[in-house]
Amino acid sequence: MLARYEQLIANGELTPDPDQRRAAQRLDKLQKELEAEQAGGLLAQFFGPKKSRPEGVYMWGGVGRGKSMLMDLFHDRLSITEKRRAHFHAFMQEVHAELREVRKSASGDPIPIVAERIASDLRCLAFDEMVVNNSADAMIMSRLFAELINEHNVAIVTTSNRPPQDLYKDGLNREHFVPFIELVEQELDVVPLNGPTDYRLDRIGGMDTWHTPIGDEATEKVREVFFRLTDFAPEDAEHVPNEELDVGGNRTIHVPKSLKGVGVFSFKRLCVDPRGAADYLAIARRFHTVIIVGIPQMGPDKRNEAARFVTLIDALYEHKVKLFVTAATAPEALYQSGDGSFEFERTASRLKEMQSDEYLALGHGGDA
């Protein structure tokens, strides 16, 4: 894959970046190891000396540093059949479904059985956006990945916005997750990819973030933003992954489109349905970019919706989340009369600031 990466730079499709190049070199090494292992064949593996397991890679860094691009390049160029590319949240949903199925038909510990099923005909598992939002996933991951790596010799390649030691930071029962962090640090090569340039900004440069009035034209604008930021093929739009985001207290919020740190929501789901600060904080921590469709103009009879919207925008603003919307009107005209309309002026001011180039250049959550 390194040759292809360098070709993209020579063609002017990528900008030279030292961090990216180091990561590309490391992935190229893993590619060669996996391909050489397959080329050796079963007889070579049986009669030859036992080979050490190829070491996986954990790439971490801020939004837009090229992690997903390098992951895609690696997976595309890896010429073995026993490989799989998955979105992390979809993978964990599959794991939970497998665990439920095994528990129905077998007694005892289901995790080794699930690991064996996942590892069947698999030598390399690659997925994006490793992030842990709840204690159930934290406890499962530690044992599941230990089985995949140590018992089934699966090479793991993953990306994350955080270094391993910051995964599930301050989470409930985090002590159960510490063995997983130790496993990552021992078994995967941790590669930082955290240069100063956010390349995703180039993809949305010059694009407006606030689109009025609500309608097909506005929807098409935010739709374009989603596909630019996620590299998902627009013609395959119906297969964009969704997600059940854990917001604490055994509650979740459905995210109808969730990919590479970009979440799409309707105003109704966020502010008409009963939601609180914990929901909005979970969203702000999970997504670097949020798209909200269908924000209406609100009157006195919508004071509850307006109050929730204020709390939502506060959470997104404090976590420096990029915001794209379709709305009935401009921010300052969204809620002009009713309880809290005077305080809403501060929200309108924040919404204006969130459209600025300076705000859009900020790193998510302060992690530039």
Side-chain angles (χ1 to χ4, degrees), residues 1-5 23-60 67-99 101-102 109-130 137 140-160 180 183-191 231-233 236 239 241 259-260:
M1 70 157 283
L2 184 58
R4 176 57 180 158
Y5 173 76
Q25 289 173 321
R26 182 60 188 85
L27 291 170
D28 186 73
K29 177 176 180 289
L30 177 58
Q31 177 190 348
K32 287 181 170 61
E33 290 172 344
L34 289 168
E35 290 173 350
E37 182 182 73
Q38 186 179 68
L42 292 175
L43 288 176
Q45 293 178 31
F46 185 81
F47 292 109
K50 182 176 176 59
K51 298 180 180 178
S52 60
R53 178 180 62 248
E55 185 180 31
V57 178
Y58 179 105
M59 289 186 290
W60 73 272
K67 302 183 299 296
S68 296
M69 177 272 295
L70 290 170
M71 173 77 81
D72 290 339
L73 196 58
F74 165 77
H75 189 262
D76 289 344
R77 293 280 153 171
L78 181 60
S79 61
I80 67 173
T81 57
E82 297 170 311
K83 63 178 182 178
R84 180 182 173 191
R85 176 83 158 80
H87 183 264
F88 183 70
H89 284 282
F91 175 76
M92 289 308 298
Q93 288 174 356
E94 176 188 324
V95 168
H96 283 289
E98 289 278 5
L99 286 170
E101 183 180 333
V102 170
D109 187 358
I111 286 182
I113 299 172
V114 172
E116 185 174 4
R117 289 183 180 182
I118 293 170
S120 176
D121 298 321
L122 185 66
R123 286 294 296 116
C124 183
L125 173 62
F127 48 80
D128 256 346
E129 290 188 84
M130 179 182 283
D137 281 355
I140 290 168
M141 286 170 62
S142 179
R143 298 190 51 241
L144 176 68
F145 280 79
E147 288 279 334
L148 290 174
I149 294 170
N150 295 323
E151 300 302 323
H152 299 283
N153 293 329
V154 175
I156 305 290
V157 181
T158 186
T159 70
S160 178
F180 178 76
L183 176 75
V184 168
E185 293 177 334
Q186 291 169 6
E187 301 292 347
L188 303 185
D189 193 357
V190 178
V191 178
D231 294 318
F232 201 85
D236 198 28
H239 296 121
L259 186 66
K260 294 186 178 180

Any side-chain to backbone donor/acceptor pair from Gln31 onto Met1? Under 3.5 Å, distance only.
yes
Distance (rounded to the nearest 0.5 Å) between Met130 CE and Tyr58 OH
6.0 Å
As a quick check of understanding, evaluate side-chain contact (heavy atoms from CB on, under 4.5 Å) for Leu188 and Val57, giving each step before the final call.
CA-CA 5 Å; Leu188 303 185; Val57 178; over 6 Å; no
Find out whether Leu125 and Val157 are in side-chain contact, i.e. whether some heavy atom of one side chain is under 4.5 Å from a heavy atom of the other.
no
Would you mind checking if Glu55 and Arg26 are paired as a salt bridge, meaning a charged N to carboxylate O distance below 4.0 Å?
yes
With rounding to the nearest 0.5 Å, note down the distance linking CG in Leu183 to CD1 in Ile149.
4.5 Å
Closest approach of Val114 to Leu99 (non-hydrogen atoms, all atoms of both residues)
CG2-CD2, 3.7 Å
Salt bridge (Lys or Arg N to Asp or Glu O under 4.0 Å) partners of residues 80-96, not counting sequence neighbours, each pair once
Asp72-Arg85, Arg84-Glu94, Arg85-Asp128
To the nearest 0.5 Å, what is the distance between CG (Leu144) and CD1 (Ile111)?
6.5 Å
Please round to the nearest 0.5 Å and tell me the distance separating atom CG of Leu259 and atom OG of Ser68.
8.0 Å
Closest heavy-atom pair, Ala155 versus Pro54, reported as atoms and distance to 0.1 Å, is CB-O, 4.1 Å
Nearest 0.5 Å, please: how far is CD1 in Ile113 from CD in Glu98?
10.5 Å
Ion pair present between Arg77 and Glu35, side-chain N to carboxylate O less than 4.0 angstrom?
no
Evaluate the ring planes of Phe88 and Phe127, with Trp represented by its six-membered ring, and classify them as parallel (under 30°), tilted (30 to 60°) or perpendicular (over 60°).
tilted
To the nearest 0.5 Å, what is the distance between CE (Met71) and OG1 (Thr158)?
5.5 Å
Taking Glu33 first and then Lys29, would you say they form a salt bridge - that is, a charged N and a carboxylate O separated by under 4.0 Å?
yes
Which is it for Glu101 and Arg117 under the salt bridge (Lys or Arg N to Asp or Glu O under 4.0 Å) test, yes or no, and what are the steps along the way?
CA-CA 12 Å; Glu101 183 180 333; Arg117 289 183 180 182; 3.6 Å; yes
CD (Gln25) with more than 12 external heavy atoms under 6.0 Å:
yes
Could you walk me through whether Val190 and Met59 pass the side-chain contact (heavy atoms from CB on, under 4.5 Å) check?
CA-CA 6 Å; Val190 178; Met59 289 186 290; over 6 Å; no
